[in-house]
Amino acid sequence: MNSDVFNIKCFGIATDIIGERTYQIESNSIKNVGELRLYLDSKFEQLKTLNNYMIAVNHSYALPEDCIDPSDEIAILPPVSGG
Amino acid sequence: MNSDVFNIKCFGIATDIIGERTYQIESNSIKNVGELRLYLDSKFEQLKTLNNYMIAVNHSYALPEDCIDPSDEIAILPPVSGG
Amino acid sequence: MTTNIKISSEPLSIDTAYQSVIDASNGGNCLFVGTVRDINKDKKVTHLDFETYGPMAISELKKIAVECQTKFDITKISIFHREGKVSITEIAVIIAVSSKHRKACFLACEYAIDQLKMNVPIWKKEHLEGGSFWVGARP
Amino acid sequence: MTTNIKISSEPLSIDTAYQSVIDASNGGNCLFVGTVRDINKDKKVTHLDFETYGPMAISELKKIAVECQTKFDITKISIFHREGKVSITEIAVIIAVSSKHRKACFLACEYAIDQLKMNVPIWKKEHLEGGSFWVGARP
C-alpha cells in the first residue's frame with residue numbers, strides 16, 4: 001500500500017454516493033479530519049444533501065482537528081439508523 | 001347462610017391476626033365499610049400495627065361510606081406486596 | 001387493543017408473554033421481568049409464597065392494562081403473575097407491552113409494574129433461613 | 001459487572017438475552033425488543049437490511065454498556081443487534097438489563113436504546129414495494 005494513499009471505508013448511503021466500498025485518496029496535503037471533509041465535500045456534492053455525516057478514525061468518532069495519516073483506519077459514517 | 005352474618009375473607013397477614021381465612025360477624029348494626037372497620041379494629045388490636053389495610057367489596061376497593069350487606073363479598077386486604 | 005392477564009401457579013414464560021404482544025405494526029416491545037432475589041435487607045431468602053385474591057387481582061390487573069392503553073400509545077399488553085411457592089431466580093411477574101414507537105412501551109411497562117405493586121391484591125410471604133414474614137405489612 | 005455484546009446475522013433469542021442477565025441478587029429485569037414494522041410513514045415495508053461497521057459498532061455498543069453501568073445501579077447488560085436481511089416482525093435489536101431494584105433497569109434499558117440509535121454505526125435500508133432507501137440519511 002502506497003504510504004500517501006488514504007483508504008476510506010464507506011457505509012450506507014455513502015457507498016451509493018461515492019460508488020465504492022473503499023475509496024482511495026492519494027494526497028500529501030490532507031493532515032486532519034477537517035481537511036479530509038473539505039476534500040470529500042468538494043469531490044462529492046451529494047454528501048451535502050445528507051443530514052450530516054461523521055468521520056471515524058480507528059473505530060472512534062473524530063473531530064475536524066484530529067490528525068490522520070494513511071496508516072489510520074478511516075471511515076465515512078452517514079447518519080446512523082440502527083435499532 | 002344467615003341473612004345477618006357477614007363473611008369476611010382474610011388475606012396475607014390478616015389471616016394470621018384474625019386466625020381464620022373467613023371470619024364471620026353476626027350483626028344488624030354494621031351498615032357500611034367504616035362501621036365494619038371500627039368493629040374489626042376493636043376486636044383485633046393488631047390490625048392497628050399494620051401499614052393500614054383496605055376493605056374490598058365485590059372485588060373493588062371500598063370507601064368508609066360505602067354501604068355493605070351480608071350478600072356482598074367482603075375482604076380484608078392488608079398492604080399488598082405483589083410483583 | 002389486546003390484553004392478556006394471567007395468574008398462574010406454573011412457571012411463567014417470557015416467550016409466551018412476548019408472543020402475546022408482538023404485532024407487525026409495532027416496532028417497540030418492552031418486557032419487565034421480576035425475579036426472586038436471594039437476599040433481602042441483608043437476610044438470606046429461601047423462597048417466596050404469593051397469596052392472591054384471585055378474582056379481584058384479575059380485575060385490578062385488567063384495570064391496569066386498560067388504563068395503560070388509555071394513557072399511552074400502546075396496542076397490546078400482557079401481565080402474568082405467579083401464585084404459590086416461587087424459588088430464587090424464578091419469575092414472579094412479567095409485563096410485556098408493545099407499541100408503534102418505543103417511548104410508549106417503556107412508559108406503559110413501568111407504569112403497569114408500579115400500579116401492580118401498589119394496588120393488586122397479591123401478598124408476598126418471604127421465607128428466610130430463620131422464619132418467614134409477610135412483606136410490607138408492618139412499618 | 002457483566003456485559004454481552006453481539007452482532008449477528010442469525011435470529012436473536014430473547015431467552016438467550018434474558019438468561020445472560022439474570023442474577024440471584026437482582027429482582028428487576030428489563031428487556032427492550034425492537035421488531036421490524038410492516039408499515040413506515042404510510043409505506044408498506046417488505047424487509048430491512050442492516051449494514052454495520054462491525055468493529056466500531058461493537059466498540060460503541062461496549063461503551064454504551066459500560067456507561068449504563070456507570071450511570072445506573074445495574075449489574076448486567078446485554079445488547080444484541082441483527083445485521084443483514086431482517087423480515088417483518090423479526091427482532092432487530094434486544095437490550096436486556098438486570099438490577100437489584102426495578103427503576104434502574106428501566107432507565108438503563110431506555111438509555112441504551114436511545115444511545116444505540118444515535119451513535120452506533122449501523123445503517124438500515126428499508127425495502128418497500130416500490131424501491132428501497134437508507135433510513136434517516138436525508139432530511
Please report all inter-chain donor-acceptor pairs (under 3.5 Å) between chain C and chain B, with distances to 0.1 Å.
unit_1, atom_1, unit_2, atom_2, d
C:E51, OE1, B:G12, N, 3.2
C:E51, OE2, B:R21, NH1, 3.0
C:Y53, OH, B:E73, OE2, 2.5
C:H81, NE2, B:G83, N, 2.8
C:N119, O, B:Y61, OH, 2.4
C:I122, O, B:S81, N, 2.8
C:I122, O, B:G82, N, 3.2
C:W123, NE1, B:P78, O, 2.9
C:W123, NE1, B:P79, O, 3.4
C:K124, N, B:S81, OG, 2.8
C:K124, NZ, B:G83, O, 3.2
C:W134, NE1, B:D16, OD2, 2.9
C:V135, O, B:S81, OG, 3.4
C:G136, O, B:N51, ND2, 3.0
C:A137, O, B:N51, N, 2.8
C:R138, O, B:N51, ND2, 3.3
C:R138, NE, B:T49, OG1, 2.8
C:R138, NH2, B:Q46, OE1, 2.9
C:R138, NH2, B:T49, OG1, 3.4

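Residues satisfying the side chain to side chain contact (heavy atoms under 4.5 Å, CB included) criterion with C:A108, sequence neighbours excluded, are C:C68, C:F72, C:I74, C:V97. Under the rule for a side chain to side chain donor-acceptor pair (under 3.5 Å), the partners of C:D23 that lie at least two apart in sequence or sit in another chain are C:S25. Residues forming a side chain to side chain donor-acceptor pair (under 3.5 Å) with C:T75 (at least two apart in sequence, or on another chain): C:N26.
In this structure, B:L77 and C:P121 approach most closely via the heavy-atom pair CD1-CB, 4.4 Å. Here the shortest heavy-atom pairing between B:P79 and C:G136 reads CB-O, 3.5 Å.
For a residue to count as touching a neighbouring chain, one of its non-hydrogen atoms must lie under 4.5 Å from one of that chain's; by this rule C:V135 touches chain B with backbone and side chain alike. In this structure, chain B has heavy atoms under 4.5 Å from both the backbone and the side chain of C:A137.
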